[in-house]
Amino acid sequence: MKRLLILVTLVTASIAACTTMKSGTIGSEGLSQLTGVWEMNHISGPRIPFNGLYPAKIPVIEFNTREKKFSGNTSCNSFSGTLVADDNTISFNEPFAMTKMACPGEGETTFLQILQKVNTYSVSNDTTLYFMMGDIVIMRFIKKNSSTP
């Protein structure tokens, strides 16, 4: 009887695990709100002012939630990868493709270091994207026009 109970419990847990949201799936509101192009307007951590880090070009990131992809520019190099996210969590710790131009200043390095700390996000009024470490905002983006559906 104990073995049957354990077996039923394991099967039930396995089925439940298969039906829970996995990274990269589109839920009710959260993940679909990422779709589009976002321009960064705040980054936490560096002692250099934002305009000093990004004097010529501001980093952008674009999400295509249908194809589960992201791409963008660090202010110097372009990058792209597979979107690992659900309705409120996101990760940029998986390897992604990036060009390798020499970049002046600390802007790109700062962007990439902070991006790897991001583990949650929220979208406010479909216009502002907050990347967070836990519940602390470490990056903020404003939505731009996008060619991605």
Side-chain angles (χ1 to χ4, degrees), residues 10-149:
L10 288 173
V11 169
T12 304
S14 296
I15 291 170
C18 291
T19 60
T20 59
M21 183 164 294
K22 300 293 184 198
S23 295
T25 61
I26 297 176
S28 57
E29 282 292 315
L31 188 59
S32 63
Q33 290 182 336
L34 282 176
T35 299
V37 178
W38 301 87
E39 182 179 78
M40 188 172 71
N41 70 352
H42 172 78
I43 189 165
S44 294
R47 294 180 184 209
I48 301 170
F50 187 82
N51 292 342
L53 282 171
Y54 310 106
K57 190 173 183 181
I58 297 172
V60 295
I61 190 164
E62 180 173 4
F63 295 99
N64 182 327
T65 56
R66 279 194 195 144
E67 295 182 17
K68 299 176 186 158
K69 303 253 183 228
F70 69 90
S71 60
N73 191 289
T74 64
S75 77
C76 180
N77 282 294
S78 297
F79 60 88
S80 62
T82 301
L83 179 60
V84 178
D86 63 21
D87 282 347
N88 64 355
T89 65
I90 193 164
S91 172
F92 296 98
N93 292 319
E94 296 295 320
F96 53 85
M98 194 162 105
T99 58
K100 297 186 183 240
M101 297 187 320
C103 304
E106 298 177 30
E108 178 177 79
T109 302
T110 301
F111 177 82
L112 293 171
Q113 286 174 345
I114 300 297
L115 192 64
Q116 291 204 328
K117 294 179 180 180
V118 171
N119 57 19
T120 58
Y121 73 92
S122 70
V123 177
S124 174
N125 297 325
D126 200 34
T127 59
T128 306
L129 169 62
Y130 300 96
F131 280 167
M132 300 171 285
M133 185 172 57
D135 60 354
I136 300 168
V137 174
I138 56 176
M139 298 174 104
R140 183 180 62 222
F141 296 78
I142 301 299
K143 193 166 199 173
K144 297 294 179 186
N145 293 333
S146 172
S147 60
T148 303

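Each residue takes its place number in the sequence, starting with 1. Just so we're clear, the structure is a prediction, and the values are computed from it rather than from any experiment.
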*What distance separates E39 CD from E62 CD, expressed to the nearest 0.5 Å?*
13.0 Å

_I'd like to know if the side chain of N73 reaches the main chain of C76, judged simply by a donor and an acceptor atom lying under 3.5 Å from each other, with no hydrogens or angles considered._
yes

*Any donor-acceptor pair under 3.5 Å linking the side chain of K57 with the backbone of T74?*
no

*F96 ring center near F70 ring center (under 6.0 Å)*: yes

*Working for side chain to side chain contact (heavy atoms under 4.5 Å, CB included), residues I138 and V118*: CA-CA 8 Å; I138 56 176; V118 171; 3.8 Å; yes

*Hey, does the side chain of N77 reach the backbone of M101 with a donor-acceptor pair shorter than 3.5 angstrom?*
yes

_Could you go through T128 and R140, starting from their C-alpha distance and side-chain angles, then the distance that decides it, and tell me whether this counts as side chain to side chain contact (heavy atoms under 4.5 Å, CB included)?_
CA-CA 7 Å; T128 306; R140 183 180 62 222; 3.7 Å; yes

*Quick one: pull up CG in N88 and CG in N119 and give me the separation to the nearest 0.5 Å.*
10.0 Å

*Going through the checks in order, is the side chain to side chain contact (heavy atoms under 4.5 Å, CB included) test met by F79 and F92?*
CA-CA 11 Å; F79 60 88; F92 296 98; 6.0 Å; no

*CG/N64 to CG/L34 distance, rounded to the nearest 0.5 angstrom?*
11.0 Å

*I would like to know whether Y121 and L31 meet side chain to side chain contact (heavy atoms under 4.5 Å, CB included); could you show each step before the answer?*
CA-CA 9 Å; Y121 73 92; L31 188 59; 3.9 Å; yes

*What is the minimum heavy-atom distance between Y54 and G107, and which atoms define it?*
OH-O, 2.9 Å

_Within the 3.5 Å criterion, strictly below it, is a donor on T65 or S32 matched to an acceptor on the partner's side chain?_
no

*Closest approach of V123 to D126 (non-hydrogen atoms, all atoms of both residues)*: CG1-CA, 3.7 Å

*Verify side-chain hydrogen bond (donor to acceptor under 3.5 Å, both in side chains) between T99 and S78, making sure each step is shown before the conclusion.*
CA-CA 6 Å; T99 58; S78 297; 4.7 Å; no

*Closest heavy-atom contact between I43 and F111?*
CD1-CA, 3.9 Å

*L129 CG to I61 CD1 distance, which is reported to the nearest 0.5 Å*: 8.0 Å

*If you take all heavy atoms of M40 and M139, which pair is closest and at what distance?*
SD-CE, 3.6 Å

*From K144 NZ over to T127 OG1, what is the distance, rounded to the nearest 0.5 angstrom?*
11.0 Å

*Report the distance from atom OG1 of T35 to atom CD of Q33, rounding to the nearest 0.5 Å.*
9.5 Å

_Residues, nucleotides or ligands: over 12 heavy atoms within 6.0 Å of E106 CD_ = no

*Of the options T120, V137, I90, which is the one that meets F131 in a side chain to side chain contact (heavy atoms under 4.5 Å, CB included)?*
I90

